[in-house]
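We name chains A, B, ... by the order of the sequence lines, and we start the count at 1 in each one. This one's a predicted model, so the numbers in the text were calculated from it and none came from an experiment.
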Amino acid sequence: MMLSGDIPPNQTIYIKNLNEKIKKEELKRSLYALFSQYGRILDIVALKTAKLRGQAWVVFSEVTAASNAVRQMQNFPFYDKPMRIQYAKTKSDCLAKADGTYIPRDKKKKQEEKADRKRRGEEPQRSATANGTTSDVNGGPNASFGKPSAQESAAAPNNILFIQNLPHETTSMMLQVLFQRYPGFREVRMIEAKPGIAFVEFEDDVQSSVAMQALQGFKITPQNPMAITYAKK
DNA sequence: AGCACA
C-alpha cells in the first residue's frame, strides 16, 4: 500500500504545512534536530519565496531513514501545525553531485531536463563534484555519547533533566520537539539569562531516564552534543 | 496548496 500519495520512496522527504512565520535558519535547525534521529542528514533545503515557503526538503543518507521519517513523523505538531510529509518527487542535487550524475540546470528554463537523449556515450563528467558531498555529520539515531563535562554521572535520578552544551540559538520549541516523544514528558524550561542550558521535566524519573538515554549526546549541531544529567534536587 | 537545490 502506497499511502504517501503515490510517490515512490526517495532519500529525500518533502514536508509541507510548515509554519511560515518561522525564520529559515531556525526552521532548518529544528528540522535537523527533529529528523536526525532517523539517520544521517545530508542536506536541508528551505526557501522563503512565495512559491516555496512553508515547505522543506530533508535529504537523508538512506532511503530507510526517509521512510521511517515519513511514517513516524506524519502529522507531527511542529510549531503548532501538523507536518505533512511525503517523499520528494525528484532526486536532490546534493545526492546527484555525490553520484557524479549532477547536471547543472540552466537558469533560463527550469524544467527542460526531461530530454535524456542517449546521444552516444555522453556521460556526465564525474570529476570535481564527485567528492563534493557536504555531509554534515550528526550521530544518527543513537549518536555518539559526548559525556557530560566536569561533574559526572553520579547525580541522583530525578524527573527533571538538566541539559547543557546547547547552541545558544536553541529555543524551547526545538527541545520540546525532541523530548515530547518520550512518555511522561511535561515541559521544557529555559532561562533567558543563561543560554546553552535547559531543564526538561518528566512525570517521573524512570521516564526522564529513558529520554536521557535516548538523547544523550544528541547533536543539534555537529559541534553541540547534548550533555544530559539529572537536575539537582 | 505549493516539489528545490542562492
Side-chain angles (χ1 to χ4, degrees), chain A residues 1-36 38-116 122-138 140 167 169 177 219-222:
Chain A
M1 54 184 81
M2 177 118 67
L3 295 177
S4 47
D6 288 335
I7 301 157
N10 192 300
Q11 252 172 278
T12 302
I13 59 172
Y14 167 72
I15 310 167
K16 61 183 178 180
N17 198 41
L18 294 170
N19 189 326
E20 299 182 8
K21 288 181 291 216
I22 309 305
K23 293 186 303 297
K24 190 168 64 178
E25 283 317 311
E26 176 180 349
L27 181 68
K28 287 193 189 183
R29 275 196 296 271
S30 295
L31 288 171
Y32 190 92
L34 227 207
F35 282 101
S36 54
Y38 295 102
R40 190 141 300 176
I41 292 174
L42 303 181
D43 197 15
I44 298 182
V45 174
L47 291 303
K48 293 274 277 186
T49 62
K51 178 97 174 246
L52 293 168
R53 70 191 58 173
Q55 300 152 79
W57 291 260
V58 177
V59 186
F60 289 99
S61 65
E62 307 287 342
V63 192
T64 53
S67 298
N68 288 332
V70 168
R71 288 200 313 271
Q72 296 178 36
M73 298 305 290
Q74 196 60 259
N75 301 320
F76 187 88
F78 188 60
Y79 294 107
D80 301 319
K81 301 188 67 179
M83 290 193 285
R84 305 272 123 94
I85 313 177
Q86 301 169 335
Y87 294 112
K89 286 180 181 162
T90 59
K91 179 171 178 168
S92 294
D93 281 2
C94 78
L95 297 173
K97 285 174 183 168
D99 267 347
T101 58
Y102 176 67
I103 299 162
R105 55 184 70 72
D106 44 357
K107 306 77 165 65
K108 204 89 195 296
K109 310 208 96 182
K110 282 235 163 166
Q111 288 213 352
E112 296 314 320
E113 70 288 317
K114 283 243 168 149
D116 282 28
E122 211 169 357
E123 292 294 316
Q125 65 282 37
R126 53 199 68 197
S127 53
T129 53
N131 210 0
T133 324
T134 44
S135 322
D136 272 20
V137 176
N138 182 17
E169 324 79 62
V177 143
K219 292 168 181 162
I220 288 186
T221 77

(Q) Distance check needed: dC5(B) C1' versus K24(A) NZ, whole Å only. (A) 11 Å

Q: Name the residue closer to the 5' end of DNA chain B, choosing between T49(A) and K16(A) according to the nucleotide with the nearest heavy atom.
A: K16(A)

Q: Look at the side chain of E20(A) and decide which nucleotide, out of dA1(B), dC3(B), dC5(B), has an atom nearest to it.
A: dA1(B)

Q.
Quick check on K48(A): does its NZ atom have over 12 non-hydrogen neighbours (other residues, nucleotides or ligands) under 6.0 Å away?
A. yes

Q) With a 4.0 Å cut-off on heavy atoms, is K91(A) in touch with a base, just the backbone sugar-phosphate, or nothing at all? A) base

(Q) Using whole Å, what does the distance between atom P of nucleotide dA4(B) and atom NZ of K28(A) come to? (A) 15 Å

Q.
What contact category does L47(A) fall into here, base, sugar-phosphate, or nothing, at under 4.0 angstrom with non-hydrogen atoms?
A. base

Q.
Rounded at 0.5 Å granularity, tell me how far CH2 in W57(A) sits from CG in L31(A).
A. 12.0 Å

Q. For the side chain of S92(A) and the base of dA4(B), is some donor closer than 3.5 Å to an acceptor across the two?
A. yes

Q. Is a side-chain donor-acceptor pair under 3.5 Å present for Y38(A) with T64(A)?
A. no

Q: Mind calculating the distance between CZ (R105(A)) and P (dC3(B)) to the nearest angstrom?
A: 14 Å

Q.
Check this for me: does the side-chain of Q86(A) come within 3.5 Å of the base of dA1(B) through a donor and an acceptor?
A. no

**Q.** Euclidean distance, atom CD1 of residue I13(A) to atom P of dC3(B) [Å, nearest integer]
**A.** 16 Å

Q: Specify the separation, in whole Å, of atom CD of Q55(A) and atom C1' of dC5(B).
A: 13 Å

Q) When rounded to the nearest 0.5 angstrom, what is the spacing between NZ in K91(A) and CG in N10(A)? A) 9.0 Å

Q.
Just checking Q74(A): does its CD atom have more than 12 heavy atoms from other residues, nucleotides or ligands closer to it than 6.0 angstrom?
A. yes

Q. Separation of Y14(A) atom OH from dC5(B) atom P, in whole Å?
A. 13 Å

Q: Nearest-nucleotide wise, let me know which of A46(A) and K89(A) is further upstream toward the 5' end of DNA chain B.
A: K89(A)

Q) Between Y102(A) (OH) and dA4(B) (P), how many Å, whole number? A) 13 Å

Q) To the nearest angstrom, how far is I15(A) atom CD1 from dA1(B) atom P? A) 17 Å

